[in-house]
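To start, the structure under review is shown below, and the notes come after it.
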2 protein chains.
Amino acid sequence: MSNSLKKQVIQEAAATLFRDRGYAATSMRDLAKAVHLQASSLYNHISSKQEILANICFQNAHRFLEGLDKIEAENIDPLSKTEALIQLHLIIATEDVTSITSFNDEWRHLEEPHLSKFIALRKKYENRFKLIIQQGIKEGVFKDINSTIILNTLLSSIRWVYDWYKPDGKQSIEQVGDVVCELLLGGLKK
Amino acid sequence: MSNSLKKQVIQEAAATLFRDRGYAATSMRDLAKAVHLQASSLYNHISSKQEILANICFQNAHRFLEGLDKIEAENIDPLSKTEALIQLHLIIATEDVTSITSFNDEWRHLEEPHLSKFIALRKKYENRFKLIIQQGIKEGVFKDINSTIILNTLLSSIRWVYDWYKPDGKQSIEQVGDVVCELLLGGLKK
DNA sequence: CCTACCGATCGGTAGG
DNA sequence: CCTACCGATCGGTAGG
């Protein structure tokens with residue numbers, strides 16, 4: 001197995017462990033066992049436990065920001081953009097459930113300077129999302145509700161899917177997405 | 001200070017630390033420092049780190065179940081019950097933000113037999129909540145949407161308030177609650 | 001990739 | 001409530 005491929009395997013095993021037990025409760029010996037190595041051998045592929053977490057967090061942060069870039073560039077109204085963003089969250093979630101869950105829950109274990117950088121990226125994402133919502137309010141498609149509350153409720157309401165969704169379930173993620181959109185946007189639309 | 005009062009102080013300090021750093025990343029020495037004791041002295045008041053977590057989790061679980069008891073007993077329609085449940089979550093959240101946050105995020109660090117007991121309590125709560133939603137669908141007040149998706153979206157969408165709400169904010173929790181109700185129930189109502 | 005090992009820290013106990 | 005201390009485990013390094 002190539003070195004970079006092995007690194008990938010370690011990263012994925014770490015994401016699973018971080019999701020299941022949390023970052024702090026996962027030891028490098030747990031991780032080593034998961035990939036059939038001695039703990040010390042991990043350090044031929046990664047430089048520290050912290051680096052693994054940082055990779056998980058920033059990889060996912062960039063996936064969200066890239067998705068947002070595309071949606072912003074599209075020539076569609078704020079309602080369609082909001083719908084597209086909800087679907088983006090669900091698509092990213094299903095592409096790599098374990099990674100996204102540990103990204104959601106474990107970023108707070110980032111150390112500086114990673115932590116500040118991560119929070120800044122998230123803030124940027126949220127502000128751009130909020131701008132789309134505010135545009136929707138301005139254009140009269142959305143109710144005139146505090147846009148921070150709308151944003152937080154939208155972002156938060158999608159999160160259960162990460163914990164809950166299993167690819168072998170009876171419902172496709174698109175179906176779940178449509179229902180979630182109907183539920184959330186139904187109350188938001190004027 | 002009485003013994004039971006000191007125990008209360010320790011529990012609250014622990015809830016704050018668990019919320020800020022997580023259960024696994026909080027050491028008994030951290031906790032001891034927060035209450036101006038030596039680590040060993042904590043054990044005059046509590047029996048283990050695990051016991052503290054179990055107390056936090058079960059205290060909050062019972063607050064939710066008691067609230068649900070009352071709401072179920074009221075002679076009101078499913079829509080009003082759902083509204084009352086959303087407000088219940090927000091009220092409990094604001095009464096004791098730190099405790100509820102570590103209850104939400106740290107229960108998975110419970111060990112057996114606590115863990116199974118806790119999951120069973122939560123399942124019971126969710127099933128009874130779901131029954132109210134299903135009643136609303138049957139009576140034609142709610143759209144005929146998969147009740148599990150509705151339940152999860154409702155429960156999940158409220159969670160950001162725990163992380164976000166500060167009592168010194170500009171908005172009262174009732175205002176936030178009204179907005180969240182409008183947003184969520186607006187899409188749910190037929 | 002391994003064996004051997006480091007200093008630091010963990011939850012908790014003994015004994016007063 | 002403290003000092004002193006236990007065995008276990010932590011992330012990580014040295015050296016091959």
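Numbers restart at 1 for each chain; the letters A, B, ... are given by sequence-line order, proteins then strands.
Nucleotide dT3(C) holds its P atom 5 Å from the CD atom of Gln38(A), rounded to whole Å.
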Task: Footprint string (nucleotides 4-16 of chain C, 5' to 3'): B base within contact, S backbone only, - free, heavy atoms under 4.0 Å - done: B-----SBBB---

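Nucleic acid contact class of Leu37(B) (heavy atoms, under 4.0 Å, all strands): sugar-phosphate only.
With Phe64(A) as reference, Phe103(A) is the one residue of Phe58(A), Phe103(A), Phe118(A) to meet the ring-ring contact (aromatic ring centres under 6.0 Å, His included) rule.
Between Arg21(B) and Asp30(B) a salt bridge is recorded (basic side-chain N to carboxylate O distance below 4.0 Å). Ion pairing between Lys81(A) and Glu74(A) fails under the 4.0 Å rule for side-chain N and carboxylate O.
For His89(A) and Tyr162(A), the distance between ring centers is not under 6.0 angstrom.
A distance of 6.5 Å separates CD1 in Ile145(A) from CG in Leu188(A), rounded to the nearest 0.5 Å. Once rounded to the nearest 0.5 Å, the distance linking NZ of Lys7(A) with CG of Asn44(A) reads 12.0 Å.
Pair check for dC2(C) finds dG15(D); Watson-Crick or G-U wobble, both atom distances under 3.5 Å.
At dC1(D), none of the side-chain N or O atoms of His36(B) fall inside 4.0 Å of OP1 or OP2 (strictly under the cut-off).
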